[in-house]
Amino acid sequence: MGFGFTVLFHLIILFILSLIIAVISAIVTFIAGRKKRKAFLAFCLPFIFVPVLYFSALIGSIIVSEVKDVDTGIGDAWYAPVNGSCKVGMIDTTDTGYIACSGNVSISGITALQQYSDTVIAGKAADHFFVLNLNNNEVSYYLSEQELTENTGIDGHDFLEIAAFEAVKYRQAAGTPMLMVGIVSLALSILISCIFGKIFFFVIKWRDLFGNRK
């Protein structure tokens with residue numbers, strides 16, 4: 001799914017989730033205190049907390065994506081940097097992927113791979129094995145694992161599936177920033193929900209005060 005369609009799908013799910021939480025929290029609050037105003041506030045808060053959490057996290061992930069050159073986690077493309085000039089990625093499926101260096105796809109159809117040093121990546125594509133030199137982006141191809149081992153000493157026993165390898169690189173590049181985005185988004189959602197609650201009771205208080213004076 002594309003980015004826009006995925007966000008729309010998420011919004012529908014979030015609305016349903018917010019509605020379920022709102023109904024449950026309103027019922028529980030009313031039963032506990034028999035106060036309609038608090039029950040109404042309990043009903044409203046999920047429609048504030050959940051969207052603020054989602055959109056703040058989305059905006060934060062987009063910023064991290066631009067700074068760290070990783071995907072946002074939404075859509076049908078996943079990628080992460082391997083070094084300053086190469087990145088590993090997948091499109092539409094997580095079964096196969098590619099390595100692109102300096103903007104050009106150097107190797108496609110990759111199913112498994114591993115990085116053995118700062119300068120060497122070896123892996124398996126559809127019908128061959130390969131070794132990528134990260135210093136000069138040169139690729140060597142081998143027809144079998146035996147040929148790979150004989151020429152490089154790499155036997156491929158510790159190759160990771162392309163999705164697992166990309167996830168490792170993603171965490172290395174953006175794991176901490178994405179965690180911070182989550183924490184800040186959660187804190188912002190709680191803060192805005194608390195402010196809304198304060199404003200709600202402030203308005204109710206003044207309405208009751210002026211209403212009693214009439």
Under the side chain to side chain contact (heavy atoms under 4.5 Å, CB included) test, residues paired with [X] that sit two or more places apart:
| X | answer |
| --- | --- |
| I154 | Y116, V120, A122, L148, T152, F159 |
| L41 | L45, F196, F200, F201 |
| A173 | V70, P81 |
| Q172 | V168, K169 |

F49: which residues meet the ring pair (Phe, Tyr, Trp, His ring centres under 6.0 Å) condition with it, sequence neighbours left out?
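Per chain and number, F49 pairs via ring pair (Phe, Tyr, Trp, His ring centres under 6.0 Å) with no residue.
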Applying side chain to side chain donor-acceptor pair (under 3.5 Å) as the test, list every pair that has at least one member in residues 174-183; sequence neighbours left out.
none
Pairs touching residues 61-75 that satisfy side chain to side chain donor-acceptor pair (under 3.5 Å), sequence neighbours left out:
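Qualifying pairs: none.
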Among residues at least two apart in sequence or on other chains, which ones pass side chain to side chain donor-acceptor pair (under 3.5 Å) with S193?
none
Just to verify, what does C44 make a disulfide bond (SG atoms under 2.5 Å apart) with, not counting sequence neighbours?
none
Clusters formed by hydrophobic residues whose side-chain heavy atoms approach within less than 4.5 Å: which one holds V67, and what are its other members?
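Via sub-4.5 Å side-chain contacts, V67 links to I59, I63.
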Using atom types as modelled, flag every donor-acceptor pair under 3.5 Å from a side chain in residues 11-27 to any protein atom, sequence neighbours excluded.
from, atom 1, to, atom 2, distance (Å)
S18, OG, L14, O, 2.8
S25, OG, I21, O, 2.8
S25, OG, A22, O, 3.1
S25, OG, A42, O, 2.9

What pairs of donor and acceptor atoms, side-chain ones from residues 128-135 against any protein atom, are under 3.5 angstrom apart with sequence neighbours left out?
from, atom 1, to, atom 2, distance (Å)
N133, OD1, N135, N, 2.8

